[in-house]
J.: 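Take this structure first; my questions come after.
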Protein chains: 2
Amino acid sequence: MTSNSPHTASSRGPIRVLLADDHELVRDGIRARLQKVSELEVVGEATNGREAVRMTRNLKPDVLLMDVSMPIMNGLEAAMEIRKTQPGVAVLILSVYDNPEYVRGVVQAGARGYILKDISAQEMITAITSVASGGYFFSSAIGPTLVGASASAPVEDPYGLTERERQVLTAIAKGQPNKEVAAALGISVRTVESHRLNLREKVGSRNAAQLYRVAQELGLLD
Amino acid sequence: MTSNSPHTASSRGPIRVLLADDHELVRDGIRARLQKVSELEVVGEATNGREAVRMTRNLKPDVLLMDVSMPIMNGLEAAMEIRKTQPGVAVLILSVYDNPEYVRGVVQAGARGYILKDISAQEMITAITSVASGGYFFSSAIGPTLVGASASAPVEDPYGLTERERQVLTAIAKGQPNKEVAAALGISVRTVESHRLNLREKVGSRNAAQLYRVAQELGLLD
DNA sequence: CATATTCTCAGTAGTACTACCGAGATTTTC
DNA sequence: GAAAATCTCGGTAGTACTACTGAGAATATG
């Protein structure tokens, strides 16, 4: 419950924002957006990671809104540096990639949020307010990533398994030997073995050890 | 980038909030907090999960601010139900637990945020605004959890496995039969069998099928 | 230095799984 | 209504895994 002096609008006036992006056009666009809101104040602009770190030290903004890809020092490296030296500054990462891998890396680097560049003005303002007041913010598009895939998409079956095969696979993944699977499904052990053989062929695994992976991949567990 | 009609303050007036908590005291407290802000409107109060689901259907709030622990139907079950029937409603979970396990479960259940009950009024308002405008919000205290163990925390080993056992387990999880594991590690097949036996004992699984799960749990794969 | 742990390996036996073959019954598909 | 797919089950054989006991060597641990 240790909150690093979260920003409260009433206590300190406007939220001070430092922008970091190597494209002037993008910076201008963001600045134009944020200027419309009185609670936000853009206190500076950096064009690369190193500059962002230095300016953060001098300007002490509440929020650093920073692009991931920048010359000299990228957003992730800068975020790590800032976490170590200026932990009170909330870093909000701006990116064009909705790649799942990125999000994890960004949070690990110490960022407090991750938003995509196609975000609306309203959402961007909300995101800045969120991280300034001590929270974590993520664009809705990358939300499912937080859980680790499998959430929203019902998972396509790339193996073409039949209903019965999925039942057998589920039981196997739970660790049940053929005898128990047979009893549970009311069929012969030999039939279970048949299914097992077909399963291995379809998913391309040599033995039972890997069937768990597939079962999980198909979302048969939970 | 499919956003389920995110709330924009300018377009639809105040954010409509439905409260769900079995303690009247807590509801009163939240209501008192939110009433101070003109952009928020509490449209109803539910005292359990089932009621929350029903009221959500009728009142169609923008945000459902809901406790996890409630009688009849808890917050997680309610969240899952709402995701299926009312995906447009952003569920924000309120909890006293900062348990890492909970957060994942909550997001998997379809919630758009997780805040602790010791949160400040300012933060709570920000959180509601965040999820209403299409984002995900998490209290700062539970932020590190989002990364998912494996990174920041070196993953506690609840089974007390030795280094060698982890090596064997990793190979087994990849689907290698004992003979190959033995060859890879330069030891006898019998030794691998010993490790295998010890592994099953330590992690409590009957056969190889479940060892994959453990390997993954310990982050031995990636 | 005694003790404990880990890693190593073996014997024996039983159970489970894998790899083929074939085949009847039922349902779905064209 | 024929063809294809699915689900069912059996034989035979070989390989892999499980269970239990025992034990030597190297490495911590106290």
Side-chain angles (χ1 to χ4, degrees), chain A residues 154-222, chain B residues 150 153-222:
Chain A
V155 182
E156 281 302 314
D157 178 356
Y159 306 111
L161 303 186
T162 66
E163 180 58 30
R164 201 55 158 172
E165 283 167 348
R166 270 192 293 273
Q167 289 174 10
V168 174
L169 177 55
T170 304
I172 291 173
K174 284 194 287 188
Q176 295 181 9
N178 287 343
K179 197 192 291 183
E180 287 185 24
V181 178
L185 296 178
I187 56 180
S188 158
V189 173
R190 304 313 303 278
T191 305
V192 178
E193 287 177 350
S194 286
H195 286 309
R196 206 168 186 136
L197 178 65
N198 294 331
L199 277 168
R200 280 202 314 281
E201 266 182 11
K202 285 187 178 178
V203 308
S205 78
R206 285 185 297 176
N207 52 41
Q210 296 209 290
L211 288 179
Y212 185 95
R213 193 199 85 242
V214 178
Q216 184 183 256
E217 193 178 316
L218 297 179
L220 297 177
L221 303 174
D222 299 59
Chain B
S150 65
V155 180
E156 279 305 311
D157 178 355
Y159 306 111
L161 301 186
T162 66
E163 180 58 29
R164 201 55 159 173
E165 284 167 347
R166 270 192 292 275
Q167 289 174 9
V168 174
L169 176 55
T170 304
I172 291 173
K174 285 194 286 186
Q176 295 181 8
N178 286 345
K179 195 192 294 183
E180 286 183 25
V181 178
L185 296 178
I187 55 181
S188 158
V189 173
R190 304 312 303 277
T191 304
V192 178
E193 286 177 351
S194 285
H195 286 309
R196 205 169 187 135
L197 176 66
N198 294 331
L199 277 169
R200 280 201 314 280
E201 265 182 11
K202 284 186 178 178
V203 307
S205 79
R206 287 185 296 176
N207 50 42
Q210 296 210 289
L211 288 179
Y212 186 95
R213 193 199 86 244
V214 179
Q216 184 182 259
E217 191 178 316
L218 297 179
L220 298 177
L221 302 174
D222 301 58

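Because the structure is a prediction, the values reported are computed rather than measured.
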J.: Taking only side-chain nitrogens and oxygens of B/Ser188, does any of them come within less than 4.0 Å of OP1 or OP2 of C/dA10?
T.: yes
J.: Could you tell me whether B/Arg190 and B/Glu193 have a side-chain N and a carboxylate O separated by less than 4.0 Å?
T.: yes
J.: Let's see if you can work this out: which of D/dA19, C/dT6, C/dT8 has an atom nearest to the side-chain heavy atoms of B/Thr162?
T.: C/dT6
J.: Which whole-number value in Å describes the distance from A/Arg164 CZ to C/dA25 P?
T.: 19 Å
J.: Distance check needed: C/dT6 C1' versus B/Lys202 NZ, whole Å only.
T.: 9 Å
J.: From C-beta outward on A/Asn178, which listed nucleotide comes closest to its side chain: D/dT8, C/dC7, C/dC17?
T.: C/dC17
J.: Indicate, with a heavy-atom threshold strictly under 4.0 Å, whether B/Thr191 touches base, sugar-phosphate, or nothing.
T.: base
J.: Could you check whether B/Glu163 pairs with B/Arg166 (Lys NZ or Arg NE/NH1/NH2 to Asp/Glu carboxylate O, under 4.0 Å)?
T.: yes
J.: Dump every N/O contact between nucleotides 11-14 of chain C and the protein below 3.5 Å, one line per pair.
T.:
residue : atom : partner  : partner atom : Å
C/dG11  : N7   : B/Arg190 : NH1          : 3.1
C/dG11  : N7   : B/Arg190 : NH2          : 3.0
C/dG11  : O6   : B/Arg190 : NH2          : 2.9
C/dT12  : O4   : B/Arg190 : NH2          : 2.9

J.: Name the one of B/Glu217, B/Glu165, B/Glu201 that satisfies side-chain hydrogen bond (donor to acceptor under 3.5 Å, both in side chains) with B/Tyr159?
T.: B/Glu217
J.: What is the distance from CG of B/Leu161 to C1' of C/dT6, rounded to the nearest Å?
T.: 13 Å
J.: Specify the residue among B/Ser194 and B/Asn207 whose closest nucleotide of DNA chain D lies further upstream toward the 5′ end.
T.: B/Asn207
J.: By nearest heavy atom, map B/Val189 and A/Arg206 onto DNA chain C; which one lands nearer the 5' end?
T.: B/Val189
J.: What distance do B/Leu199 atom CG and B/Ile172 atom CD1 have between them, rounded to the nearest 0.5 Å?
T.: 5.5 Å
J.: For B/Glu180, is there an ion pair with B/Lys174 - N to carboxylate O distance below 4.0 angstrom?
T.: no
J.: Could you tell me the separation between the NZ atom of B/Lys179 and the P atom of C/dC17, rounded to a whole number of Å?
T.: 19 Å
J.: D/dT6, OP1 or OP2 - any side-chain N/O from A/His195 closer than 4.0 Å?
T.: no
J.: Round to the nearest Å and state the distance from A/Arg200 atom CZ to D/dT15 atom P.
T.: 15 Å
J.: Report the distance from atom CG of B/Leu185 to atom P of C/dC9, rounded to the nearest whole Å.
T.: 11 Å
J.: When you measure from the side chain of B/Ile187, which nucleotide among D/dC7, C/dA19, C/dT8 comes out closest?
T.: C/dT8
J.: From CZ of B/Arg196 over to C1' of D/dA19, roughly how many Å is that when rounded to an integer?
T.: 14 Å
J.: Any side-chain heavy-atom pair from A/Leu218 and A/Leu169 closer than 4.5 angstrom?
T.: yes
J.: Donor-acceptor pair, A/Lys202 side chain versus A/Gly160 backbone, under 3.5 Å?
T.: yes
J.: Consider the side chain of A/Pro177, meaning its heavy atoms from C-beta on, and name the nucleotide among C/dC17, D/dT6, C/dC7 that approaches it most closely.
T.: C/dC17
J.: Can you give me the bend angle of the helix from C/dC1-D/dG30 to C/dC30-D/dG1? Use the axis through the first five pairs and the one through the last five, nearest 10 degrees.
T.: 70°
J.: Are any non-hydrogen side-chain atoms of A/Val192 and A/Leu185 less than 4.5 angstrom apart?
T.: no
J.: CG of A/Asn178 to NE2 of A/His195: how many Å apart, nearest 0.5 Å?
T.: 11.0 Å
J.: Decide whether B/Arg164 and B/Gln167 meet the rule of one side-chain donor and one side-chain acceptor closer than 3.5 Å.
T.: yes
J.: Can you measure B/Tyr212 atom OH to D/dC17 atom P for me and round it to whole angstrom units?
T.: 17 Å
